[in-house]
Visitor: 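My questions will all concern the structure given below.
Below, each value reflects all heavy atoms present in this structure, side chains not excepted, and no hydrogens, waters or symmetry copies. In each ligand, atom 1 is the first atom listed, and ligand 1 is the first ligand listed.
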Amino acid sequence: MPEKAVLVTGASGEIGQALIHSLSNEKSLKVISVDLKPLPDEFEGKSTHIIGNLVEKDLLAQLEKEYSFSQIYHLAAVLSTTAEHNPLLAHQVNTCSTIDLLEIAARQSRVTETSVQFIFPSSIAVYGLPDLKTKNSVPPITEDQYTDPATMYGCSKLYCEKVGVYYSQHFQQLADVIPTRVDFRAVRFPGIISAFTVPSGGTSDFGPEMIHAAAQGKSYDCFVGPDVRIPFMFMPDAVKALLDLARAPVESLSRRVYNVTSFSFSAADFQDLVLEGFPEAKIKYIPDPKRQAIVDSWPADINDQAARSDWNWKPAQDADQAYQEYLLKNVIKRYN
Ligand code: AKB
């Protein structure tokens, strides 16, 4: 008999590590974590970690044979900047592995007649604002506006949202008997800031990079201009959003894809915040026009009212409190 378990892909990534910390508190859960990289030593015993590549069919076949998944947190992804340098890899990892995992979830839902919950981190990168004038004049973006991504990463996330909704609501629609379907749910994350890990390969990275450089006493050359603005949240809120959405009764959901956010910041706002905590910080602006164009195509702010109404989403702390109590405290501890 396959063992009942929860699957976390991209487990050694920023969100993955934070999520496994939280899931490991639920002693009844068997957590299977998968990543190309090992988990840091302190994760010993928190999950059964498998080092492997999701693009490899054998790995997926082994997982499907050995485990019966109640939930799949599919976090593995090639982020926006890396995806621009290798769009085909991004397609294979971000899109093909998502379809393969949705197929496993669909088969196991049909066999067990219990919906496998599929939790998917999408992104503000699904949005594409036509120009800066529009970006700086429109109110916070709701889920059905400007979904016109300008990056391979954004396209892959939007496609996976659509396909996830398809597997949840239309899969096997021509069958005589409609099988039990997957319970797909997604959040569109803003830029995420962790005190314990530094992002790699993204384009919202200027915020966390600036903070982590200052905490190490290193100078930082910011690849976007001071006025460049997008929404952000701190890592504990990102994990909270995934767990809150997973726990929401399915009847409370008016949609399957939700914006979530905490605050909207420009690079200059980050500089002010950094200089508060690290007055010696050396920050220069050396914009990379091509990377900045990607960030300029993303909304300055997003509207997460649907998540607040449907499943009582809200950040655990306001930005200032979270900055002091979560980020500053831990980032100083980390580098001291
Ligand atoms: C990226 O920059 O690629 C990600 C994102 C905004 O989804 N952090």
Visitor: Enumerate the pairs of nitrogen or oxygen atoms, one from ligand 1 and one from the protein, separated by less than 3.5 angstrom; state names and distance to 0.1 Å.
Guide:
{"residue": "ligand 1", "atom": "2 (O)", "partner": "Ser80", "partner atom": "OG", "Å": "3.4"}
{"residue": "ligand 1", "atom": "2 (O)", "partner": "Thr203", "partner atom": "N", "Å": "2.7"}
{"residue": "ligand 1", "atom": "2 (O)", "partner": "Ser204", "partner atom": "N", "Å": "3.0"}
{"residue": "ligand 1", "atom": "2 (O)", "partner": "Ser204", "partner atom": "OG", "Å": "3.2"}
{"residue": "ligand 1", "atom": "3 (O)", "partner": "Ser80", "partner atom": "N", "Å": "3.0"}
{"residue": "ligand 1", "atom": "3 (O)", "partner": "Ser80", "partner atom": "OG", "Å": "2.6"}
{"residue": "ligand 1", "atom": "7 (O)", "partner": "Ser123", "partner atom": "OG", "Å": "2.7"}
{"residue": "ligand 1", "atom": "7 (O)", "partner": "Tyr153", "partner atom": "OH", "Å": "2.8"}
{"residue": "ligand 1", "atom": "8 (N)", "partner": "Ser204", "partner atom": "OG", "Å": "2.9"}

Visitor: May I ask you to say whether Arg229 pairs ionically with Asp227, meaning some side-chain N is under 4.0 Å from a carboxylate O?
Guide: no

Visitor: Which label fits Phe171 and Tyr167: parallel for a plane angle under 30°, tilted from 30 to 60°, or perpendicular past 60°?
Guide: parallel

Visitor: Looking at Arg188 and Glu143, is any side-chain nitrogen of the basic one under 4.0 Å from a carboxylate oxygen of the acidic one?
Guide: no

Visitor: Please state whether the rings of Phe270 and Phe206 are parallel, tilted or perpendicular, taking 30° and 60° as the class boundaries.
Guide: perpendicular

Visitor: With Tyr335, which residues qualify under ring-ring contact (aromatic ring centres under 6.0 Å, His included), at least two apart?
Guide: His212

Visitor: So is Arg291 actually on top of Phe223's ring, under 6.0 Å and inside 45° of the axis?
Guide: yes

